[in-house]
Student: 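My structure is below; once you've seen it, I'll send some questions.
Bear in mind the structure is a predicted one, so any value in this text is a computation, not a measurement. Chain A is the first sequence line, chain B the second, and so forth, proteins listed ahead of strands; every chain is numbered from 1.
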Amino acid sequence: MAKDVLLDDLNNEQRLAIQHCDGPLLVLAGAGSGKTRVITRKFAYLAKKKKLPPASIFTVTFTNKAANEMKQRIGQHITADNKGFWVGTFHSQCNRILRREIAALGYKPDFTVYDDDDQSSLIRHILREFNIYEALFKGVVSRISMLKAQLITPEDFLARGDGFSFDEKLGRAYLKYQHELKRANALDFDDLIMLTVKLLEENPKILKKYTSLFEYLLVDEFQDTNRAQYRLMQLLSSGHNNISVVGDDDQSIYYFRGADVSNILNFEKDYPKAKVIKLEQNYRSTQSILDASGSVIAQNKDRKAKQLWTERRSDEKVCYSLVQNEDEEAKQVARSIKDLYLKGKCEYRDVAVLYRTNIQARAIEDALRAEHIPYHVISGISFYQRKEIKDILSYMRLVTNSDDNVSLRRIINSPPRGIGVSTITKVEQEAKKQGASMFRTMKLMLKSQSLAASFKDKVGEFVHLIEKLAHTPHKTAADMLKDIVERSGYLNDLEDERIQNVLELVSSAEGIPVREFLDRAALSSATDHLQESKGVSLLTLHSAKGLEFPTVFIVGLEEGILPYFKAMDSPREIQEERRLFYVGMTRAKDRLFLSSARRRRLYSKIQDQEPSRFLKDIRPKDCERVERTCSQPVAVAAPAKALPKAPKSLYIVGCRVKHPSWGIGVVRDCSGEGEDTKITVNFQSVGLKRLAVKMANLEKV
DNA sequence: AAAACTCCTCTTTTT
DNA sequence: GAGGAGTTTT
């Protein structure tokens with residue numbers, strides 16, 4: 001019987017979670033407790049048993065990769081063309097809705113999706129006008145993004161007026177940014193969510209359409225949703241309240257991106273009738289791994305208590321080692337891997353090395369290479385973010401949406417066509433006057449009499465190129481890409497490797513419609529297409545989320561790295577660092593190795609390191625401590641104990657200072673230490689200034 | 001407008 | 001210690 005296939009190999013709680021199909025459900029799913037399985041099966045169950053059309057089950061995952069896997073697994077249970085499935089990330093689902101409905105918000109349906117790069121470049125561009133110290137753009141980008149994740153519009157933000165001058169400026173920059181996006185007919189990632197919410201809130205008819213289309217909602221990784229995403233789900237579930245969310249508060253590691261664990265807490269408030277099911281049986285790790293990771297996470301205050309257990313006996317304890325420096329650490333990892341491999345205990349592909357920051361990969365790579373161990377680094381840089389790829393895609397985007405100023409700026413002079421800063425500035429000023437996009441402005445300027453012939457030649461040629469491309473009917477994205485490459489001459493003078501990348505892009509576009517291809521490029525990431533490889537995986541703790549490996553190494557367990565030094569001032573962030581460690585530990589199925597180094601080279605300076613505070617929480621009985629003093633002669637018997645902590649700067653963010661000529665100001669930013677300390681100060685009289693403390697003759701007030 | 005020089009920064013990251 | 005971005009120089 002079909003029922004057997006769907007439910008038989010599950011435990012009680014899992015089964016309950018699947019069978020609860022009326023009304024809201026919160027599944028608190030511990031690490032490795034089979035939550036993906038629950039969602040997949042539930043989808044199949046709803047389709048088969050409850051006779052819901054597959055296209056009426058709105059399912060959200062955290063990554064495209066997860067979405068694809070899920071679709072595939074669903075396909076094993078039900079037969080239906082999964083093209084019609086609404087299974088995807090929040091962003092791709094919203095994109096899909098907006099492509100149909102966005103006219104209601106005054107955008108054109110051919111809008112461009114801006115990625116982080118585009119977003120940063122637009123914001124920087126805006127900051128230049130705003131007299132905001134440009135180095136602060138990262139902070140501005142992230143704050144704007146945070147605001148959007150919380151559905152706070154520029155108007156809301158400005159109206160609060162909780163700003164002294166900086167927030168005021170931020171608010172205006174945000175307003176301008178939204179304005180520019182709209183003018184470019186572009187949406188950033190946050191817009192995809194925020195505008196979908198706006199769409200549904202402001203258009204009851206459209207809301208109705210989608211609430212009746214989607215009869216059931218499934219949300220994975222609920223602990224990492226932000227407020228806007230939660231609001232979206234509330235809207236879509238209004239009326240029927242058929243919504244299941246699955247998550248683990250202990251694995252919430254994306255606060256810095258706006259994720260809000262309290263969504264899990266609010267869920268029970270917002271849906272008072274919600275059934276709550278805990279999945280506590282772990283199918284992944286051995287008991288000793290669970291014991292060790294469990295005692296680490298237990299130290300967090302704000303969490304829902306749970307007790308993971310497993311039937312898997314442990315034959316090996318978690319292993320911790322303290323070594324001299326990062327090279328020794330890397331060597332030891334490599335040697336241990338080789339050892340396991342030679343003893344036939346694992347294949348290289350079964351091993352992952354996890355670290356807090358990407359730079360840590362370097363030493364590990366060197367050591368693995370030295371031992372001839374195959375490996376691959378899973379890094380944050382996606383294929384689509386490479387310069388040459390983004391350039392070519394920008395042509396494509398400009399062709400499909402000529403208002404897209406960011407893309408235009410990017411490619412107007414690459415390959416070099418002699419259009420330089422002054423020309424671009426001229427166009428920008430004119431565009432501002434006209435209130436038109438840069439492309440349209442350029443067309444207008446070409447018609448006017450008053451411009452130099454050289455300007456007309458160069459700009460004219462570019463405009464002509466784009467128009468020609470736009471007017472050629474291209475059947476597929478590949479056709480258009482070929483056309484772009486040929487006509488633009490982009491490949492001339494390009495390095496071989498980059499040419500290869502472009503060619504790869506073209507071939508990946510074969511048979512795919514232009515629109516679909518652009519969406520895919522915008523909404524997909526590095527890890528999505530990463531196929532299984534044979535070697536050891538090197539990745540950050542963050543990107544390890546959702547994965548599992550028989551053997552896991554976590555390196556760099558030191559104060560300042562994990563927890564990361566920037567998180568050390570805030571208890572909340574320390575808790576998140578701890579969760580990050582927990583996520584890492586629980587990736588391991590059979591074997592877990594931890595290590596820290598006594599000294600480490602950080603940006604050309606060698607620093608003394610202390611073992612991470614989190615290690616203290618692992619009970620001795622759960623962990624074997626190997627203090628292998630390595631092959632090398634022990635360096636100097638360093639008396640470095642006394643002065644590891646650099647004296648904290650006199651000036652901290654937020655304090656007030658007095659400058660001999662500029663008067664009183666507030667410190668906004670602080671970098672460097674000792675004599676090299678530089679601070680950014682917002683003066684009442686002259687605004688933001690960057691100063692070297694040594695020179696400026698400041699007085700603390 | 002391109003080349004040379006200088007300065008600055010130096011998490012995590014999906015979409 | 002490196003790489004990127006912005007600025008100045010030619």
Student: Report yes if a side-chain nitrogen or oxygen of A:Asn413 is closer than 4.0 Å to either non-bridging phosphate oxygen (OP1 or OP2) of B:dA2; otherwise report no.
Tutor: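 Yes.
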Student: Could you measure between the two P atoms, the one in B:dT12 and the one in C:dG3, and give it in whole Å?
Tutor: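 Approximately 16 Å lies between the P atom of B:dT12 and that of C:dG3.
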Student: Would you classify A:Tyr254 as touching base, sugar-phosphate or nothing, given that sugar-phosphate means primed atoms plus P, OP1 and OP2, and contacts are heavy atoms under 4.0 Å?
Tutor: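 Sugar-phosphate, no base atom in range.
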Student: Do A:Tyr564 and the base of B:dT11 stack face to face, with centres under 5.5 Å apart and an angle between planes under 30°?
Tutor: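 Yes, aromatic ring over the base.
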Student: Using atom CG of A:Asp191 as one end and atom P of B:dT14 as the other, report the distance to the nearest whole Å.
Tutor: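 That distance rounds to 20 Å.
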Student: With a 3.5 Å cut-off and just heavy-atom distances, do the side chain of A:Arg356 and the base of B:dT11 make a donor-acceptor pair?
Tutor: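 Looking at the base of B:dT11, it does not pair with any donor or acceptor on the side chain of A:Arg356 (distance under 3.5 Å).
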Student: Quickly work out the A:Leu354 CG to B:dT12 P distance and round it to whole Å.
Tutor: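 In whole Å, B:dT12 P lies 14 Å from A:Leu354 CG.
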Student: Can we say A:Glu365 and A:Arg369 salt-bridge, meaning some charged N sits less than 4.0 Å from an Asp/Glu carboxylate O?
Tutor: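 A salt bridge is present here (some side-chain N lies under 4.0 Å from a carboxylate O).
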Student: State whether A:Glu326 and A:Arg362 are salt-bridged, where the test is any N-O pair (Lys NZ or Arg NE/NH1/NH2 against Asp/Glu carboxylate O) under 4.0 Å.
Tutor: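 Looking at A:Arg362 together with A:Glu326, the answer is no, because their closest N to O distance does not fall below 4.0 Å.
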Student: Have A:Asp260 and A:Tyr230 got a donor and an acceptor in their side chains that come within less than 3.5 Å?
Tutor: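 Per modelled atom types, A:Asp260 and A:Tyr230 side chains form no pair under 3.5 Å.
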Student: Is the phosphate of B:dT14, meaning OP1 or OP2, less than 4.0 Å from a side-chain N or O of A:Asn226?
Tutor: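 No, outside the criterion.
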Student: Starting at atom CD1 of A:Ile574, determine the distance to atom C1' of B:dT11, rounded to an integer number of angstrom.
Tutor: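 After rounding, the reported distance stands at 14 Å.
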Student: What does A:Ile419 touch in the nucleic acid at a heavy-atom separation under 4.0 angstrom: a base, only the sugar-phosphate, or nothing?
Tutor: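 It contacts sugar-phosphate atoms only.
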Student: OP1 or OP2 of B:dT14 sitting under 4.0 Å from any side-chain N/O of A:Asn64?
Tutor: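 So the side chain of A:Asn64 is outside the cut-off, no N or O lying under 4.0 Å from OP1 or OP2 of B:dT14.
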Student: Could you tell me whether A:Asp519 and A:Arg96 have a side-chain N and a carboxylate O separated by less than 4.0 Å?
Tutor: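 Here A:Asp519 does not pair with A:Arg96 in a salt bridge, since their nearest N and O are not under 4.0 Å apart.
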Student: When both hydrogen-bonding distances must be under 3.5 Å and the geometry is Watson-Crick or G-U wobble, what is B:dC7 paired with, if anything?
Tutor: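 When the pairing criteria are applied, C:dG4 turns out to be the nucleotide that pairs with B:dC7.
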Student: Rounded to whole Å, please give me the gap between CD1 in A:Ile253 and P in B:dT14.
Tutor: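 To the nearest whole Å, that distance equals 10 Å.
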Student: Tell me which nucleotide, if any, is Watson-Crick or G-U wobble paired with B:dT13 when both distances must be under 3.5 Å.
Tutor: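 Partner of B:dT13: none.
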Student: Which listed nucleotide (B:dT12, B:dT14, C:dA5) is nearest to the side chain of A:Arg124?
Tutor: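 Nearest to the side chain of A:Arg124 among the choices is C:dA5.
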Student: Would you call A:Arg579 and A:Asp249 a salt bridge, taking side-chain N to carboxylate O under 4.0 Å as the test?
Tutor: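 Salt bridge flag = no for A:Asp249 with A:Arg579.
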Student: Between B:dT13 atom P and A:Ile378 atom CD1, what is the distance in whole Å?
Tutor: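 Rounding to the nearest Å, CD1 of A:Ile378 and P of B:dT13 are 11 Å apart.
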Student: Report the distance from atom NZ of A:Lys390 to atom C1' of B:dT15, rounded to the nearest whole Å.
Tutor: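 Nearest whole value for this atom pair: 13 Å.
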Student: Using heavy-atom distances to pick each residue's nearest nucleotide on DNA chain B, tell me which of A:Arg417 and A:Ala567 is more 5'.
Tutor: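 By nearest-heavy-atom nucleotide position, the 5'-most residue is A:Arg417.
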Student: Using the ring centroid of each side chain, check whether A:Tyr254 and A:Phe62 are separated by less than 6.0 Å.
Tutor: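 That pair passes the under 6.0 Å test.
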Student: Could you state the atom-to-atom distance from CD of A:Gln223 to P of B:dT14 in whole Å?
Tutor: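 That distance rounds to 15 Å.
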Student: Using only side-chain N and O atoms of A:Thr540, determine if any of them is under 4.0 Å from OP1 or OP2 of B:dT13.
Tutor: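 For B:dT13, OP1 or OP2 has a side-chain N or O of A:Thr540 closer than 4.0 Å.
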Student: Specify the glycosidic conformation (syn or anti) of B:dT9, with syn defined as within 90° of 0.
Tutor: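 Chi for B:dT9 falls in the anti range.
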Student: Does A:Phe62 stack onto the base of B:dT14, taking stacking as ring centres under 5.5 Å apart and planes under 30° apart?
Tutor: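 Here the ring of A:Phe62 and the base of B:dT14 are not stacked, as the 5.5 Å and 30° limits are not both satisfied.
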Student: Answer yes or no: does a side-chain N or O of A:Thr357 lie under 4.0 Å from OP1 or OP2 of B:dT12?
Tutor: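 Answer is no, no contact under 4.0 Å.
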Student: Between the base of B:dT14 and the side chain of A:Arg257, is there a donor and acceptor pair under 3.5 angstrom?
Tutor: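 Side chain to base: pair found, below 3.5 Å.
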Student: With a cut-off of less than 4.0 Å, is there a side-chain N or O of A:Arg520 near OP1 or OP2 of B:dT15?
Tutor: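 Answer no for this pair, as no side-chain N or O of A:Arg520 is under 4.0 Å from OP1 or OP2.
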Student: Determine the interatomic distance between C1' on C:dA2 and the same-named atom on B:dT13; round to the nearest Å.
Tutor: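 Pairwise C1' distance, C:dA2 against B:dT13, rounds to 22 Å.
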Student: How many Å lie between NE2 on A:His91 and C1' on B:dT15, as a whole number?
Tutor: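 Between C1' of B:dT15 and NE2 of A:His91: 4 Å.
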Student: Salt-bridged, A:Lys566 to A:Glu573, with N to O below 4.0 Å?
Tutor: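 No salt bridge links A:Lys566 with A:Glu573.
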